[in-house]
Protein chains: 2
Amino acid sequence: MSHSPLYLELRTRLLALIRTGELPAGSRLPAERLLAERFETTRVTLRQALGQLESEGCIYRSNRRGWFVSPARLVYEPVRDYSFTRYVTAQGRVPRTEVLGFEEMQAEERVATSLSLPVGAPVYRLKRRRYLDNRLVLVETIWLNARFLPGLEKYRFDQSLWQVFGEVYDIELVHKQITITPTALIGEEVAALEVTSGCPGLHITRISKTAAGETIEYDEEYWLHDVLTIALSTSSYG
Amino acid sequence: MSHSPLYLELRTRLLALIRTGELPAGSRLPAERLLAERFETTRVTLRQALGQLESEGCIYRSNRRGWFVSPARLVYEPVRDYSFTRYVTAQGRVPRTEVLGFEEMQAEERVATSLSLPVGAPVYRLKRRRYLDNRLVLVETIWLNARFLPGLEKYRFDQSLWQVFGEVYDIELVHKQITITPTALIGEEVAALEVTSGCPGLHITRISKTAAGETIEYDEEYWLHDVLTIALSTSSYG
DNA sequence: AAGTGGTCTAGACCACCAC
DNA sequence: TGGTGGTCTAGACCACTTG
């Protein structure tokens with residue numbers, strides 16, 4: 001039984017500052033050099049403690065601006081029909097959606113497969129970023145089967161897509177296949193989310209179909225991992 | 001547009017060795033000092049690249065024995081009734097279950113709340129570890145409402161619990177509430193899974209009830225994060 | 001006993017952000 | 001422009017695993 005390594009001691013001491021409210025949710029931590037000095041250690045070791053807390057989802061970093069205490073996790077029910085705006089608001093948080101692009105294009109292999117379409121079929125691609133209490137937390141790309149949604153480009157994309165589907169096209173997405181994979185964010189997603197490469201994240205995909213089995217939507221989401229708790233409630237078997 | 005940092009270059013080169021099959025799934029990576037020398041860098045930077053790949057779920061470490069290439073992820077459908085043994089086998093993998101302990105005890109606050117019982121009510125607690133192709137990947141603690149399962153201690157716990165529920169007690173668990181939280185493994189779980197502290201993991205909880213709404217089971221699972229992809233398929237709303 | 005990963009030091013320079 | 005985090009170096013010792 002050896003004693004705990006220094007960086008875990010530092011982790012515990014930092015966590016204590018958070019738990020006691022000395023560092024409230026959303027607040028910025030003191031500078032790394034300052035903390036290292038206060039804890040009488042080097043920056044490297046201090047950063048190891050910070051990385052530990054980041055992995056746990058207790059703190060996060062914003063680009064080169066510093067470390068911040070993570071707010072409470074958002075409860076996300078991917079099976080339900082609630083729009084981002086709706087379930088974020090319901091939990092007393094402030095949502096914001098930013099449209100990065102919308103275009104019609106031809107389906108590549110992976111998209112075609114997911115939408116049960118031949119390669120090259122016409123699809124819409126919508127890219128969005130979403131904020132939670134002004135923190136950028138999610139980037140998503142949605143591919144849609146253009147055949148079922150003629151003239152979709154006329155609508156606004158900073159609000160619920162599913163509402164447009166229902167009200168304009170009389171389409172209801174009943175069947176969903178969802179995958180959730182914990183991973184690290186790399187490349188494109190890092191840039192879009194303005195985080196450091198290797199930041200822990202969740203990759204969520206969703207294929208949505210109508211009751212008739214027509215595949216309408218293929219969605220890829222990348223979330224920062226400390227933002228979410230996924231909740232599922234079920235009374236039946238899929 | 002600055003050039004990519006060295007550790008990300010190293011990551012890419014290591015990943016190439018994996019993708020080309022030079023380092024096949026399950027194989028051990030060369031020693032850190034060796035890799036650092038080969039890549040003409042220091043161990044610290046090399047380890048940053050390794051940590052990156054670990055976060056992505058491409059490699060994992062086994063205590064002090066070295067780094068290994070992660071096998072393909074297991075598809076886990078927490079909503080379904082399949083037992084661990086069954087769905088692991090169905091995916092061509094080899095499952096193993098190890099019982100760490102079984103005892104009757106009084107429900108603590110958190111357990112009582114989850115099982116809709118008063119604090120101090122009699123419950124069974126079962127601790128198990130589970131292996132995937134001989135790799136320790138999951139530790140779970142299951143609390144059971146003892147009132148519905150008299151004499152449960154007579155049965156074996158290295159196989160499906162739900163099968164015993166059905167065959168012996170005529171209990172079918174229909175309603176489930178599941179939460180999935182990405183986090184890092186700390187303390188107890190680290191020891192049970194024999195990993196390094198801060199190892200990325202998934203915390204999954206499940207509350208299971210009968211059709212009559214009686215809460216039978218509360219389950220807490222800690223998985224290594226590179227092992228899983230969670231899949232959900234639904235035709236109805238929870 | 002040898003070799004491995006785990007931890008830690010004491011610096012350094014750079015890119016970027018806020019002032 | 002000053003301070004921040006991001007990256008990187010060149011070592012060191014320890015704890016543990018494996019032969």
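Lettering follows sequence order; numbering is per chain, from 1.
With sequence neighbours excluded, no residue satisfies ring pair (Phe, Tyr, Trp, His ring centres under 6.0 Å) with B/Y155. Partners of A/T179 under the side-chain hydrogen bond (donor to acceptor under 3.5 Å, both in side chains) rule, at least two apart in sequence or in another chain, are A/T205. Residues satisfying the ring pair (Phe, Tyr, Trp, His ring centres under 6.0 Å) test with B/W67, not counting sequence neighbours, are none. Evaluation of the ring pair (Phe, Tyr, Trp, His ring centres under 6.0 Å) rule for A/F39 yields no partner, not counting sequence neighbours.
Protein atom CZ of A/F68 is 13 Å distant from nucleotide atom P of C/dC17, rounded to whole Å. Rounding to whole angstrom units, CD of residue B/E194 and C1' of D/dA15 are separated by 16 Å. If you measure from atom CD of A/E32 to atom P of D/dG3, you get 16 Å, rounded to the nearest angstrom. Across the protein-nucleic acid pair, A/Y7 atom OH and C/dG6 atom P stand 9 Å apart, rounded to whole Å. Note: CZ (B/R28) to P (D/dG19) measures 10 Å, nearest angstrom. The interatomic distance linking B/L6 (CG) with C/dA15 (C1') rounds to 16 Å, in whole Å. At whole-Å resolution of the value, CZ in B/R61 and C1' in C/dT7 are 12 Å apart. In this structure, CG of A/L10 is placed 9 Å from P of C/dT9, rounded to the nearest angstrom.
Every pair passing ring-ring contact (aromatic ring centres under 6.0 Å, His included) that includes a residue from residues 187-206 of chain A is listed here, sequence neighbours excluded: A/H203-A/Y222. Sequence neighbours left out, the pairs with a member in residues 42-62 of chain B that pass ring-ring contact (aromatic ring centres under 6.0 Å, His included) are B/Y60-B/F68. Residue pairs meeting the salt bridge (charged side-chain N to carboxylate O under 4.0 Å, His left out) criterion with at least one member in residues 177-199 of chain B, sequence neighbours excluded: B/K127-B/E188, B/R129-B/E194.
Comparing C/dA15, D/dT7, C/dG5 against the side chain of A/R64 picks out C/dA15 as the nearest. Relative to the side chain of B/T196, the nucleotides D/dC16, C/dA18, C/dT7 differ in distance, and C/dT7 lies closest.
Shown for residues 33-55 of chain A: residues whose heavy atoms fall under 4.0 angstrom of DNA chain D, namely A/R33, A/R43, A/R47.
B/E9 and B/Y7 share no donor-acceptor pair across their side chains, judged by distance under 3.5 Å alone.
Comparing the axis of the opening five pairs of the helix from C/dA1-D/dT18 to C/dA18-D/dT1 with that of the closing five pairs yields an angle of 10°, rounded to 10°.
Residue B/N63 places at least one side-chain N or O under 4.0 Å from the OP1 or OP2 atom of D/dT17.
We find that A/R11 and A/E56 are joined by a salt bridge, their nearest charged nitrogen and carboxylate oxygen being less than 4.0 Å apart.
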